Each structure stands twice: as structure tokens, then as C-alpha cells.
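Just below is one structure, and these are the notes that go with it.
Model, not experiment: these values are computed from the prediction.
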Amino acid sequence: MATRVFIVDDHYMIIEGIRSLLLNNPDIELIGHAMSAGSCMAFLQKTLPDVILMDINLPDRSGIELCFEVSRKYPEVRIIGLSTFSQQSMVEKMMESGALGYVLKNGTREELIDGISACMRGEKYLSGDISRSIQKNAALRPVLTRREKEVLCLIAEGLTNSEVAEKLFVSTATVDTHRKNLLSKFDARNTASLIRLATQHQFI
């Protein structure tokens, strides 16, 4: 039985492009499209697809918000995020909202079909560029001890070494050592740089 696919995107050329990529695949049936979150929800009240290819940028609502609503109301529907954005934070937000997959709009036909097939098996899927980017970021992410994470969060709140020491019931010298270790691990020259890098790596 063919997988029923529904497209949600506000650009007609993207919809037509996806349609042309999937049109001759006997295992996939395109059952329609929506160009807004509102029209998507209206369609789902009448017909449920197996898979939704969902754009993140929609004119009336964020695709991340729509993904969250659809995944709660219709948990049997698999959602694949569709975007030009490959930032890890964006991918994680979409996946946390209920998406099983994430495919870039400049991806290949094979990636799109592989993503649909994987999601139908209940597996998570990330297109190649995203997967490589996340693996690279993970490799570059510093490894911190529990205490270093605590000190980092307090530094980010603007506390001085003595204030951090008081909160954690340790000496100022100990906090100073943790601060130096954090600067070294993040290869940061000062506190502002440390906080910026820690934010990028989602420690704070």
C-alpha cells in the first residue's frame, strides 16, 4: 500500500518541485498540499496522511508550532521538517515538537524518499548535510564536569567569583580555577566570549 504524503509549504514552486520528485514513485501517493497552517489543520479534519512534509516558515504560524499541534492531535501522522535552515538548534526544536525527520530543501530525491521510508518504519531521519553538521558540532563540544556546568551557569547570570563561591560553598580560589578551566576548554579569551561560545553549544 502506497504511503500517503501531504505537503505543507507556502511556496508553490517548492510544492511542484517535491511533486515532480515523488510523482513516479509507486510507493508514494501525494494526496494534496496546504500553503498555510490554517489550511493544513482544515485538511487534517477530513483526511489524515501517513506523512506530512512540513515547512518551518509558514505565513500564519511557525511550522514548529504547527508540528507540535499536529503531533499532539494526530500522533499517528509522521512529520518531516522541510527547510533551508540546517542549524542544529532549529533541527532540535522541530524534532522536540514531534517531527520524526528533517530534510533540507536542497536535498536529493533519494534523501526525501529515504526520509519518508524511515519515518514510516518509525525511525528518525536527518538528511546527510544535517547529520554531518551535528556530528561535527558534537565532536567540537567541550566536555564539562557537573561543577563546571554549575559555575558556568552562575557566571552567565553575572555573578562574581566571590558570589559564585558563596552560592556553591567553595573557596574563591576554587571558583577561579573552574573559571580558568572553562576559558581553556572553550578556547575563550574572556568571560563575554565564554558565554557566547557556551550559548552556541547550548550549555546555557
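Within the model, atoms OH of Tyr74 and CD1 of Ile79 stand 11.5 Å from one another, a figure rounded to the nearest 0.5 Å. Rounded to the nearest 0.5 Å, atoms CG (Leu44) and CD (Glu69) are 9.0 Å apart. Note that the CG atom of Asn57 and the CE atom of Met90 stand 7.0 Å from one another [nearest 0.5 Å]. With rounding to the nearest 0.5 Å, the separation of CD1 in Ile52 from CD1 in Ile31 is 8.5 Å. Atom OG of Ser62 sits about 12.0 Å away from atom CZ of Phe68, to the nearest 0.5 Å. Once rounded to the nearest 0.5 Å, the distance linking CD1 of Ile64 with CE of Met54 reads 11.0 Å.
Closest approach of Leu104 and Ser127 over heavy atoms only: N-OG, 3.5 Å. Between Cys153 and Ile204 the shortest heavy-atom distance is SG-CG2, 3.9 Å. Counting all heavy atoms, side chain and backbone alike, Val143 lies closest to Lys185 at O-NZ, 2.9 Å. The two atoms that bring Arg72 and Pro75 nearest to each other are O-CD, 3.8 Å, heavy atoms only. Smallest separation of non-hydrogen atoms from Ala156 and Ile195: CA-CD1, 3.9 Å.
Checked against side chain to side chain contact (heavy atoms under 4.5 Å, CB included), Asp27 has the following partners two or more places apart in sequence or in another chain: Asn25. Shown here are the salt bridge (charged side-chain N to carboxylate O under 4.0 Å, His left out) partners of Glu163, two or more places apart in sequence or in another chain: there are none.
In the hydrophobic clustering of this structure, Phe203 groups with Val151; members are Ile, Leu, Val, Met, Phe, Trp, Tyr whose side-chain heavy atoms approach within less than 4.5 Å, directly or through other members. Residues Leu144 and Val175 are members of one and the same hydrophobic cluster, defined by side-chain heavy-atom contacts under 4.5 angstrom among Ile, Leu, Val, Met, Phe, Trp and Tyr. Put simply, Met41 and Phe43 are part of the same group of oily side chains (I, L, V, M, F, W, Y) that touch within less than 4.5 Å, one to the next. Hydrophobic clustering (ILVMFWY, side-chain heavy atoms < 4.5 Å, transitive): Phe6 and Leu100 are in distinct clusters.
Around CG of Asp60, the count of heavy atoms belonging to other residues, nucleotides or ligands within 6.0 Å exceeds 12. Heavy-atom contacts from other residues, nucleotides or ligands closer than 6.0 Å to CD of Glu166 number 12 or fewer. Atom CZ of Arg189 is surrounded by 12 or fewer heavy atoms from other residues, nucleotides or ligands within 6.0 Å.
The pair Lys93-Glu96 fails the salt-bridge criterion, with no side-chain N (NZ, NE, NH1 or NH2) lying under 4.0 Å from an Asp/Glu carboxylate O. Ion pair Lys167/Glu150 not flagged as a salt bridge, since none of the NZ, NE, NH1 or NH2 atoms sits closer than 4.0 Å to an Asp/Glu carboxylate oxygen.
Under 3.5 Å, the side chains of Thr174 and Thr177 contain no donor-acceptor pair of N or O atoms. No hydrogens or angles considered: nothing links the side chains of Arg4 and Thr47 as a donor-acceptor pair under 3.5 Å.
Remark: side-chain polar atoms of Ser193 are not paired, donor with acceptor, to backbone N or O of Asn190 under 3.5 angstrom. Checking side-chain atoms of Arg78 against main-chain N and O of Cys119 turns up a donor-acceptor pair under 3.5 Å. Remark: the backbone N or O of Ser97 is paired with a side-chain donor or acceptor of Ser71 at under 3.5 angstrom. With hydrogens and angles disregarded, no donor-acceptor distance shorter than 3.5 Å links the side chain of Glu157 to the backbone of Leu154.
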key: Chi angles and distances behind the side chain to side chain contact (heavy atoms under 4.5 Å, CB included) call for Asp9, Leu58   = CA-CA 7 Å; Asp9 195 291; Leu58 296 170; 5.6 Å; no

request  = Kindly indicate, with the supporting measurements, whether the criterion side chain to side chain contact (heavy atoms under 4.5 Å, CB included) is fulfilled by Ser83 and Lys105.
outcome  = CA-CA 5 Å; Ser83 180; Lys105 288 185 179 181; 5.5 Å; no

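Taking the ring centroids of Phe85 and Tyr102, they lie at or beyond the 6.0 Å cut-off.
The hydrophobic cluster around Ile15 extends to Val5, Ile7, Tyr12, Ile14, Ile18, Leu21, Leu22, Ile28, Leu30, Met35, Val51, Leu53, Ile80, Leu82, Val103, Leu112, Ile113, Ile116, Met120, Tyr125, counting ILVMFWY residues whose side-chain heavy atoms fall within less than 4.5 Å of a member.
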